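What follows is a short report on a single structure.
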Amino acid sequence: MVVRIFGMSVVVATVSLVVAFVYGGTTALALTAILGVLEVTLSFDNAVINATILERMSAVWQKIFLTVGVLVAVVGMRLLFPLVIVWLSAGLTPVKAFDLALNPPAGGAAYFADGSPSYETILTRAHPLIASFGGMFLLMLFLGFLFEEKEITWLTWIERPLARIGKLDQLPVVVAGVLLLVTAEFITPEHERYNVMVSGVLGIITYLLVNGLGELFSPQDHAEHAAEGHAGPTELAKAVGKAGFFLFMYLEVLDASFSFDGVIGAFAITADPIIIALGLGFIGAMFVRSLTVYLVRKGTLAEYVYLEHGAHWAIGALAVILLYSIGTEVPEVVTGLVGLVLIGAALVSSIIRKRSRPDRDAEPSKTLV
């Protein structure tokens, strides 16, 4: 099963490395490999959250996510998204933006001889808006989980009290709004405050809209799903039709939010859009999706019940780091390590629980084909 799940990713990674070598020699090959490894290593929380949502989708929508979703992740987020940001920020045509990306200033300078900014400089300037949108979207996801009443809790001493407080209507929105105001007032440079506020509000609205539509058409009530301990829905509860579509859209926006920090962080390694697309997209995104499939097929989330909790706490940490990075640069390695530590701790806790309660272990899910 492992070969079947990860085989295509290995093939794609091999082809991508060959293309990178042909494109830019050993330097491009090394940079592509580094980006691919970083993306896979730092995106485990992404795979866990993807798997929790993918479990609720029908086989048809699962296949759509693992095919169309790959194209969106690779072409959309890793290649076109940075170009669109540069295109809109600098008022350039798409062709000019792409040409700017392929022809940086000599010596990796931030500006050309005529004083015009490089592709990397333009994209870096847009970081506050990107971080605000992505940070607030992910924060809403985390708060929704944190204030949700759950039968199984990991950090019980904090999750249970917050779940009781979470009965207050729209509390996640209130908390997110307060944190956005704090970010704009105390973290954001003065000239960026308005843009950060607007971008953050759009992130909140996007989450409410996409998540709300998914809940509206969901065949299984979210609270009921939580009460079952997230052991995986039955076949009759699988999201199909409109429910599947909106879950797919929710998953794509969520996946894009996870990608923001990776795409921006990649510029610390290279500004070449081709290498970024090969490393983050074709290698990284493919392996993250294979890992998602593996988690669903093996029933890992049902077997190790705290993994989902750890992933959500990692999302909360990522959201806070994104907001903090608006005013202070944060190395991507730090972001990734925080996520890995939280998920690792959740995995250890799950193993301890599993050994102490072997009779309560859930059966692996067999839903993903």
Side-chain angles (χ1 to χ4, degrees), residues 1-2 5 40-56 138-167 172 175 222-233 254 257-258 261 287-288 290-322 332-368:
M1 183 177 71
V2 174
I5 293 175
V40 175
T41 303
L42 305 180
S43 296
F44 190 79
D45 52 350
N46 190 358
V48 173
I49 296 301
N50 284 351
T52 64
I53 300 171
L54 209 61
E55 280 186 329
R56 299 164 57 192
L138 294 177
L139 183 64
M140 285 294 297
L141 173 63
F142 170 64
L143 293 175
F145 173 83
L146 196 62
F147 291 130
E148 179 186 58
E149 201 167 344
K150 299 174 285 291
E151 180 179 328
I152 297 175
T153 56
W154 178 37
L155 304 178
T156 305
W157 59 276
I158 188 172
E159 290 182 7
R160 285 278 169 84
L162 289 177
R164 287 194 290 268
I165 298 173
K167 293 179 181 179
V175 174
H222 190 62
E224 180 183 338
H225 179 60
E228 293 176 357
H230 297 274
L254 175 61
S257 298
F258 270 108
D261 67 319
F287 269 101
V288 170
S290 292
L291 185 57
T292 299
V293 174
Y294 181 80
L295 292 173
V296 176
R297 285 288 298 275
K298 290 287 290 183
T300 306
L301 300 181
E303 189 174 1
Y304 301 100
V305 295
Y306 296 135
L307 270 183
E308 183 181 355
H309 295 72
H312 276 92
W313 279 99
I315 287 174
L318 174 59
V320 171
I321 290 172
L322 277 173
E332 188 182 348
V333 174
V334 173
T335 306
L337 287 177
V338 170
L340 285 177
V341 168
L342 288 168
I343 292 176
L347 177 60
V348 171
S349 299
S350 299
I351 293 173
I352 294 174
R353 181 182 191 276
K354 185 174 183 292
R355 289 177 176 175
S356 64
R357 306 173 63 181
D359 57 313
R360 297 290 299 274
D361 290 344
E363 291 295 322
S365 172
K366 303 293 185 181
T367 58
L368 194 63

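Computed from a predicted model, the values in this text were never measured in an experiment. FYI, the numbering just counts along the sequence from 1.
Atoms CG and CG, on Leu295 and Leu54 in that order, are 10.0 Å from each other to the nearest 0.5 Å. To the nearest 0.5 Å, atoms CG (Leu342) and CG (Leu337) are separated by 11.0 Å. Between the NE2 atom of His312 and the CG atom of Leu318 there is a distance of 12.5 Å, given to the nearest 0.5 Å. Interatomic distance, Ile315 CD1 to Leu138 CG, rounded to the nearest 0.5 Å: 6.5 Å.
Judged by distance alone, with hydrogens and angles left aside, the side-chain atoms of Glu148 form no donor-acceptor pair with the main-chain N or O of Ala163 at under 3.5 Å. For the pair Lys298 (side chain) and Val296 (backbone), a donor-acceptor distance under 3.5 Å is absent. Side chain of Ser290 to main chain of Ile5: a donor-acceptor pair is present (N/O by atom type, distance under 3.5 Å, no hydrogens or angles).
The shortest heavy-atom contact between Thr156 and Pro161 is O-CD, 3.6 Å. The shortest non-hydrogen separation linking Arg353 to Ile152 is NH2-CD1, 4.1 Å. The two atoms that bring Ala311 and Ile49 nearest to each other are CB-CD1, 3.7 Å, heavy atoms only. Nearest approach of Ala317 to Val338, heavy atoms of both residues: CB-CG1, 3.6 Å. Of all non-hydrogen atoms in Ser349 and Trp154, the two that sit nearest each other are OG-NE1, 3.0 Å. Pairing each heavy atom of Arg160 with each of Glu151, the nearest pair is NH2-O, 3.4 Å.
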Step by step, work out the side chain to side chain contact (heavy atoms under 4.5 Å, CB included) result for Glu149 and Lys167. CA-CA 8 Å; Glu149 201 167 344; Lys167 293 179 181 179; 3.6 Å; yes
Taking it one step at a time, do Tyr306 and Leu347 satisfy side chain to side chain contact (heavy atoms under 4.5 Å, CB included)? CA-CA 7 Å; Tyr306 296 135; Leu347 177 60; over 6 Å; no
Step-by-step side chain to side chain contact (heavy atoms under 4.5 Å, CB included) determination, Val175 to Phe147: CA-CA 11 Å; Val175 174; Phe147 291 130; 4.1 Å; yes
What verdict does the side chain to side chain contact (heavy atoms under 4.5 Å, CB included) test give for Leu155 and Trp157, after you've listed the backbone C-alpha separation in whole Å, the side-chain angles of each residue and the deciding distance to 0.1 Å? CA-CA 6 Å; Leu155 304 178; Trp157 59 276; 4.0 Å; yes
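His309 and Phe145 have perpendicular rings, their planes meeting at more than 60° on a 0 to 90° scale where under 30° would count as parallel.
Side-chain contact, Glu308 with Trp313: no donor N or O sits under 3.5 Å from an acceptor N or O.
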